[in-house]
Chemist: 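Dropping a structure here in structure tokens format, bear with me for questions.
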Number of protein chains: 4
Amino acid sequence: MNDKRVHILDVAEQLFSERGFDGTSVRDIAGQAGVNLAMISYYFGSKEKLLVALIAHRSSYTHGILEELNRDDKLSPWDKIERLVDLYVDKIINNYRFHSIMTTHLPTIQSDDIREMITDIKVKNFELIKKIITEGQQQKIFRKVDMELTVGCVMGTLTQATLSKSLYCRLMHIDIHDEDTYRKKIIPKLKTHLKSLLKAHLEIRN
Amino acid sequence: MNDKRVHILDVAEQLFSERGFDGTSVRDIAGQAGVNLAMISYYFGSKEKLLVALIAHRSSYTHGILEELNRDDKLSPWDKIERLVDLYVDKIINNYRFHSIMTTHLPTIQSDDIREMITDIKVKNFELIKKIITEGQQQKIFRKVDMELTVGCVMGTLTQATLSKSLYCRLMHIDIHDEDTYRKKIIPKLKTHLKSLLKAHLEIRN
Amino acid sequence: MNDKRVHILDVAEQLFSERGFDGTSVRDIAGQAGVNLAMISYYFGSKEKLLVALIAHRSSYTHGILEELNRDDKLSPWDKIERLVDLYVDKIINNYRFHSIMTTHLPTIQSDDIREMITDIKVKNFELIKKIITEGQQQKIFRKVDMELTVGCVMGTLTQATLSKSLYCRLMHIDIHDEDTYRKKIIPKLKTHLKSLLKAHLEIRN
Amino acid sequence: MNDKRVHILDVAEQLFSERGFDGTSVRDIAGQAGVNLAMISYYFGSKEKLLVALIAHRSSYTHGILEELNRDDKLSPWDKIERLVDLYVDKIINNYRFHSIMTTHLPTIQSDDIREMITDIKVKNFELIKKIITEGQQQKIFRKVDMELTVGCVMGTLTQATLSKSLYCRLMHIDIHDEDTYRKKIIPKLKTHLKSLLKAHLEIRN
DNA sequence: CATGAATGAGGGTTCATTCAT
DNA sequence: AATGAATGAACCCTCATTCAT
């Protein structure tokens, strides 16, 4: 029962990320998932509510990661930045489908409620990262930076790696359909780059 | 004559960016543009070809900017970086609708031809920026960095500012529908941040 | 359930025969049949597949008639010819709508598959009649004739009676819209004529 | 000028015969004929009037043939039948496109005027052939036959050869698209068959 | 609880025709 | 006399959803 729900959500996630929300029909999802067409309305109410359910499902799954990091008092701010990058890159790239949906669908959402819901999630993530940086600044270890855009730069780089996969595949000579290879190559690349970038960016200059 | 074509493209751009390609009907475009529904097929052939025409239209418009910068021999690499950021931020944010379409639609495009077309444009932009950085590296002014992701970080930050407008509006206490204020505040913020970021990132450390 | 399918096929047959395949819209069929427009796609998939379903439906219905005749060993070749004419005239004239569609649509069909499908049915009918004539020839009862055109002459006369109804109604002083009277008068006329014609044509002359 | 009109009619004839009247768009005709789309309405008034013009054009062209035959007093009724078959087969098969249009379109015509117009032409042809047969009967050379269907049988055989080309190509092992071969083989076959058939049919039996 | 049947609304596209030039 | 631009209507089809069973 719940398995079927989760299965539908998985299929929906895949199709939404591949074809977009409006480019995916409920028929497509039902067909791919091997369930009756009416079952989707039956379980979720509507296509839009299916999306909301998907967001809730995935968000609850990837929620605790950053919070845990923040509670860890033994780590220095620099260590936390490194761990943050590791966790964040893994989180986004391994959930690139969901991340893609959230990012591409956000600007086209007509319903204020859903937009606020997605924005809330993004704000929460922002606040957690902000906390880490603020902590380092209070300890006079990080310099003062534009907080919104510093976070935005990290998020944006990952979004770029998600949405412009076709660009990076071209640049890195990877077949566009070979998702595994792409992920295997882009993840360490992203980690190294972002750590180096944040180091240079946050470091107090003399 | 051609005015009507351009007008249709403008309306299509706005609606595509607000509702997505699949979320916008040809009827919507015709209605908003005040032209007959059949006019769109008459002028462009199909909805997809309308998108291609839009891409061609906007790309030709914003093409020369970066090339010009590259040809300017009097500027130092650091100067070029600064000008690059100024030009690029202006270009993207002032064409944020088109940028939004290009970015959000890219991963869901089914047609290989159009995906390649968009990727081509992105590659071209990448190459021009790469040239500037490479030049600075050859002059031993910039340090060695991950080229793809350094560019991706700049692009991604701008994409973030475009696609996650709702997030930044919330963080910066701007009404989501007040586009002018958002642009006026985010543009200098982006310029300052990216210059500072690239400075720290490219600078040779001792 | 299946009644509705058959009802739609009946209506489609009537309209196709009156207005032609391309002259009939799916809306016309849905309207005349009193079903929802989307129902046609739901049941048949597409307008073209509706035609295929109609052909399959009618062909299966009228298939066995000639085969049965062929298996009857008690009849002499002349008896078989007479029965053939009786059966064939009844079959075509009572299904004149379907026969009209098959004949008028055949030369304009673009899809190779459907054309081959219709041709297959015509070939099968040809083979069955050929068998009867060949049998008579082997028994030295019928003379040697052009097989294709002897069959073609029978088929053609019936086609003529179907497609040029307006001509025959004029010649026989029947109102063009009075289908019952036309059928009642033309059927015995056709039977008598074709029997006489085939008798003279197949008979061995001295 | 008039050349252009005739050219358009030729193209229309070809397309109407290949795709049917309703299956052919005015755009198709204009495109194939290499003339401006608006020119067809400009010259002919409407698509339907174009068809009427085509019928008038072709009818006037093939009109006099049978009349001439009838006036020839030197020929015996049997000679006239033979010449009739020769002329008629040539006329229909060499104008098979036009014949196909006339035959397939006739039952679907909604306009009473056009149907009457086409029926008129068919009646005229019928009367001319009827005259020949009646003459032979008055001279006690031909036996009494069903006049309508005797003519209908000849017409029908030719219609069959025109509309069921795909059947005959299959039976005679001719490629369906090789029109020249088909015509070269079917014309003498038709002439021989119809002469033989009419001989047996009209001959007074003892 | 689950689903096949059904539907109103709207999708993109093409139609024959007209009009201003 | 001739045509590029434009249009209202209609095309076939698919959409998300509902409802009776």
Side-chain angles (χ1 to χ4, degrees), chain A residues 1 4-5 8 21-31 34-51, chain B residues 1-5 8 19 21-31 33-51, chain C residues 1-5 8 21-31 33-51, chain D residues 1-2 4-5 8 21-31 34-51:
Chain A
M1 317 299 141
K4 204 175 253 183
R5 260 185 69 105
I8 293 171
F21 180 76
D22 288 311
T24 305
S25 76
V26 177
R27 252 177 195 75
D28 291 338
I29 298 169
V35 303
N36 186 277
L37 171 62
M39 175 163 270
I40 277 135
S41 291
Y42 179 71
Y43 269 153
F44 299 98
S46 72
K47 189 186 175 186
E48 198 171 58
K49 283 178 187 163
L50 167 65
L51 176 65
Chain B
M1 329 289 154
N2 220 335
D3 279 359
K4 200 173 258 183
R5 257 186 72 104
I8 293 172
R19 311 178 189 179
F21 181 77
D22 288 313
T24 305
S25 77
V26 177
R27 271 174 182 77
D28 291 338
I29 299 170
V35 302
N36 187 280
L37 169 62
M39 198 82 264
I40 273 111
S41 287
Y42 178 69
Y43 270 145
F44 300 99
S46 71
K47 189 187 177 187
E48 199 173 58
K49 282 179 188 164
L50 167 64
L51 176 64
Chain C
M1 330 284 156
N2 220 337
D3 280 358
K4 200 172 259 185
R5 257 186 72 104
I8 292 171
F21 180 77
D22 288 313
T24 305
S25 77
V26 177
R27 265 174 188 78
D28 292 339
I29 299 169
V35 302
N36 186 281
L37 169 64
M39 199 82 264
I40 273 111
S41 287
Y42 178 70
Y43 270 144
F44 301 98
S46 70
K47 189 186 177 187
E48 197 172 59
K49 282 179 187 163
L50 167 64
L51 176 65
Chain D
M1 317 300 139
N2 218 338
K4 204 174 252 182
R5 262 184 69 106
I8 293 172
F21 180 76
D22 288 310
T24 304
S25 76
V26 176
R27 252 177 194 73
D28 292 338
I29 299 170
V35 303
N36 187 279
L37 170 62
M39 176 163 269
I40 276 135
S41 291
Y42 178 72
Y43 268 153
F44 299 98
S46 72
K47 190 186 176 186
E48 199 173 55
K49 283 178 188 162
L50 168 65
L51 177 64

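Keep in mind it's a predicted model, so treat the numbers as computed, not measured. Residue numbers start from 1 in every chain, and the chains themselves are labelled A, B, ... in the order their sequence lines are given, proteins ahead of strands.
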Chemist: Taking atom P of dC11(F) as reference, at what distance in whole Å does atom CG of Leu37(B) sit?
Modeler: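 Whole-Å distance recorded here is 15 Å.
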Chemist: To the nearest angstrom, how far is Tyr42(C) atom OH from dT17(F) atom P?
Modeler: 17 Å
Chemist: Once you round to the nearest 0.5 Å, how far does NZ of Lys4(C) lie from CE of Met39(C)?
Modeler: 6.0 Å
Chemist: Kindly give the heavy-atom pair with the smallest separation between Gly23(B) and Asp28(B), and that separation in Å.
Modeler: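 What the structure gives for the nearest pair is O-OD2, 4.2 Å.
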Chemist: Is there a side chain to side chain contact (heavy atoms under 4.5 Å, CB included) between Leu37(D) and Arg27(D)? Walk through the geometry before answering.
Modeler: CA-CA 6 Å; Leu37(D) 170 62; Arg27(D) 252 177 194 73; 3.8 Å; yes
Chemist: Hey, is the side chain of Arg27(B) pairing donor to acceptor with the base of dG12(E) inside 3.5 Å?
Modeler: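 Result: at least one qualifying N/O pair found.
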Chemist: With side chain to side chain contact (heavy atoms under 4.5 Å, CB included) as the criterion, how do Ile8(D) and Phe44(D) come out once you've worked through the C-alpha distance, each side chain's angles and the decisive distance to 0.1 Å?
Modeler: CA-CA 10 Å; Ile8(D) 293 172; Phe44(D) 299 98; 3.7 Å; yes
Chemist: Could you check Ile29(D) against Leu50(D) for side chain to side chain contact (heavy atoms under 4.5 Å, CB included), going step by step and ending with a plain yes or no?
Modeler: CA-CA 11 Å; Ile29(D) 299 170; Leu50(D) 168 65; 3.8 Å; yes
Chemist: Roughly how many Å is it from CE in Met39(A) to C1' in dC1(E), rounded to a whole number?
Modeler: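 To the nearest whole Å, that distance equals 8 Å.
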Chemist: Please give me the minimum heavy-atom distance between Asp22(A) and Arg19(B), naming the atom from each residue.
Modeler: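 Smallest interatomic distance, heavy atoms only, reads OD2-O, 3.9 Å.
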Chemist: Where each pair must be Watson-Crick or G-U wobble with both distances under 3.5 Å, what dot-bracket representation of DNA chain F is obtained, with crossing pairs in [ ] and other-strand partners as |?
Modeler: .||||||||||||||||||||
Chemist: Could you give the CG-to-P distance, from Asp28(A) to dT17(F), as a whole number of Å?
Modeler: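 One finds 14 Å between P of dT17(F) and CG of Asp28(A), rounded.
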Chemist: Would you mind reporting whether Tyr43(A) and Val35(A) have side-chain heavy atoms less than 4.5 Å apart?
Modeler: no
Chemist: Quick check on DNA chain F: between Lys47(C) and Asn36(B), whose nearest nucleotide comes earlier from the 5' end?
Modeler: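 Counting from the 5' end, the first nearest nucleotide belongs to Asn36(B).
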Chemist: Roughly how many Å is it from CD1 in Ile40(A) to P in dT17(F), rounded to a whole number?
Modeler: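 Distance, rounded to whole Å: 10 Å.
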Chemist: Whole angstrom is fine here: how far is it from CZ in Phe44(B) over to C1' in dA5(F)?
Modeler: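 Interatomic distance, CZ of Phe44(B) to C1' of dA5(F): 14 Å.
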Chemist: For Ser25(C), which contact category applies under a 4.0 Å heavy-atom criterion: base, sugar-phosphate, or nothing?
Modeler: sugar-phosphate
Chemist: Which whole-number value in Å describes the distance from Leu50(A) CG to dC15(F) C1'?
Modeler: 15 Å
Chemist: Heavy-atom nearest nucleotide on DNA chain E for Ser46(B) versus Ala38(A): which residue maps closer to 5'?
Modeler: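 Going by which nucleotide is closer to the 5' end, it is Ala38(A).
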Chemist: Would you indicate, yes or no, if dA2(E) has its OP1 or OP2 atom less than 4.0 angstrom from a side-chain nitrogen or oxygen of Lys4(A)?
Modeler: no
Chemist: Rounded to whole angstroms, how far apart are NZ on Lys49(B) and P on dT14(E)?
Modeler: 9 Å
